[in-house]
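Report on the following structure.
Owing to the predicted nature of the structure, the values given are computational and were not obtained by experimental measurement.
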Amino acid sequence: MSNVLVCQQLVKEYQQGPIQTQVLTGLDLQVPQGELLAIVGSSGCGKSTFLHLAGALDTPSSGEVLIDGVNIYQLSDSRRAAFRNKHLGFIYQFHHLMMEFSAEENVAMPLLIRGDKPKAALKQAQQALDEVGLSHRLKHRPSELSGGERQRVAIARALVTKPSLILADEPTGNLDFDTAEQIFQLIKELNRSSGTSFVIVTHDLTLAERMDRQLKLDHGKLIDV
């Protein structure tokens, strides 16, 4: 089985005046196609930093990130942005929906950004919303949706480009227990039906234990739990 994500000796350092802080210290990771991976760790250990590097949103101090076999940090900024749009999806704790747009418009946005025609983009957005059980909420704006429904819209937006990898930062962290359970079951169902890999950063150890694999970020490296 091929690896969707490979990180090799990933290092990230921050310099503030004379003080240098090393957040990642040679992190290695391989994520095969279709895996549900949980990454846990204490607050401030670098989980979000890792997601930003794996998602081509920041630049490592050294090391490599390969997605679908492509070394993303050897690409130009414009090519990396286009690659990210096609191959990656993102889900955040706070959904980051655009409040002035409807659910279907929010989901269509990644397709419109890459240049798809609006009619085709909206049709795909409607299909994605149907997959997450929101075909009856297409025209509703985020302010008219519950917290769980907003997160479903965010999941549909992450899936609409049919990425090979979705990176999720505490996707259930802002939800009550029952709603979080519904979102987790939805992620599992979509993982099985689409074959998309999920890397989920979470503080919820109970959630992490239900994934295919769990790793802990500790002193800048990933270790088995």
Flag if over 12 foreign heavy atoms under 6.0 Å of CZ, R114: yes
Where S197 and V31 come nearest, the two heavy atoms and their spacing: CB-CG1, 4.2 Å
Between OG on residue S146 and CD on residue E144, distance to nearest 0.5 Å: 12.0 Å
Nearest heavy atoms of I67 and A54, plus distance in Å: CD1-O, 3.3 Å
Polar side chain donor-acceptor pair, Q9 to D28, under 3.5 angstrom: yes
Validation row: L29, L5 side chains within 4.5 angstrom (heavy atoms): yes
ILVMFWY cluster, L75 and V6 together (side-chain gap under 4.5 Å): no
Heavy-atom check, side chain of L167 versus side chain of I91, under 4.5 Å: no
Interatomic spacing from CG in L37 to CG in L222 - rounded to 0.5 Å: 8.0 Å
Audit row: T206, E209, side chain to side chain donor-acceptor pair (under 3.5 Å) steps and yes/no: CA-CA 5 Å; T206 302; E209 289 171 356; 5.2 Å; no
Intermediate values then yes/no, side chain to side chain contact (heavy atoms under 4.5 Å, CB included), V11 and L24: CA-CA 5 Å; V11 173; L24 302 182; 5.6 Å; no
Validation row: F83, L88 side chains within 4.5 angstrom (heavy atoms): no
Derivation and outcome, side chain to side chain contact (heavy atoms under 4.5 Å, CB included), residues N191 and T196: CA-CA 5 Å; N191 164 257; T196 300; 5.6 Å; no
Non-hydrogen side-chain atoms of K12 and L53 separated by less than 4.5 Å: yes
Check: Q8 side chain, V65 main-chain N or O, donor-acceptor pair, under 3.5 Å: no
Side-chain heavy-atom pair L134, H136 within 4.5 angstrom cut-off: yes
Q16 atom CD, over 12 foreign heavy atoms within 6.0 Å: no
Student check: side-chain heavy atoms of Q74 and R80 closer than 4.5 Å: no
Check residues 122-133 and write down every donor-acceptor pair under 3.5 Å in which the side-chain atom is one partner and the other belongs to a residue at least two apart or another chain.
unit_1, atom_1, unit_2, atom_2, d
Q126, NE2, E104, OE1, 3.0

L97 versus R157, closest heavy-atom pair with distance: CD2-NH1, 3.6 Å
Side chain to side chain contact (heavy atoms under 4.5 Å, CB included) between L66 and I72, intermediate numbers included: CA-CA 6 Å; L66 288 81; I72 58 175; over 6 Å; no
Contact check, side chains of P118 and L112, non-hydrogen atoms, under 4.5 Å: yes
R141 side chain near F101 side chain, heavy-atom distance below 4.5 Å: no
Minimum-distance pair of heavy atoms, taken over all atoms of T161 and P110: CG2-CB, 3.8 Å
Salt-bridge present (R137, E149; N to O < 4.0 Å): yes
Donor-acceptor contact present, side-chain Q151 to main-chain G148, <3.5 Å: no
Candidate pair Q185 and E181, rule side chain to side chain donor-acceptor pair (under 3.5 Å), full reasoning: CA-CA 6 Å; Q185 292 299 334; E181 176 63 20; 2.8 Å; yes
Separation between NZ of K86 and CG of D68, rounded to the nearest 0.5 Å: 9.0 Å
Side chain to side chain contact (heavy atoms under 4.5 Å, CB included) evaluation trace for M109 with M98: CA-CA 10 Å; M109 201 58 65; M98 291 176 284; 3.4 Å; yes
Point-to-point distance, once rounded to the nearest 0.5 Å, from CD1 of I200 to CG of L51: 10.5 Å
Which atom of Y14 lies closest to which atom of D58, heavy atoms considered: OH-OD2, 3.8 Å
Taking distance alone, no hydrogens or angles, what donor-acceptor pairs closer than 3.5 Å link side-chain atoms of residues 211-218 to residues at least two apart or in another chain?
unit_1, atom_1, unit_2, atom_2, d
D212, OD2, L36, N, 2.8
R213, NE, E35, OE2, 2.8
R213, NH2, Q30, O, 2.7
R213, NH2, E35, OE1, 2.9
Q214, NE2, A208, O, 3.2
Q214, NE2, M211, O, 3.1

More than 12 heavy atoms of other groups within 6.0 Å of H219 NE2: no
Between CG on residue L190 and CD1 on residue I166, distance to nearest 0.5 Å: 7.5 Å
Joint cluster assignment, Y73 & V23, ILVMFWY side-chain distance < 4.5 Å: yes
Under 3.5 Å donor-acceptor, S62 side chain and L10 backbone: no
Nearest non-hydrogen partners of G41 and K47, listed with the distance: O-NZ, 3.0 Å
Distance-only donor-acceptor check, side chains S48 and D169, under 3.5 Å: yes
Spatial distance of atom CZ (F198) from atom NZ (K188) [nearest 0.5 Å]: 12.5 Å
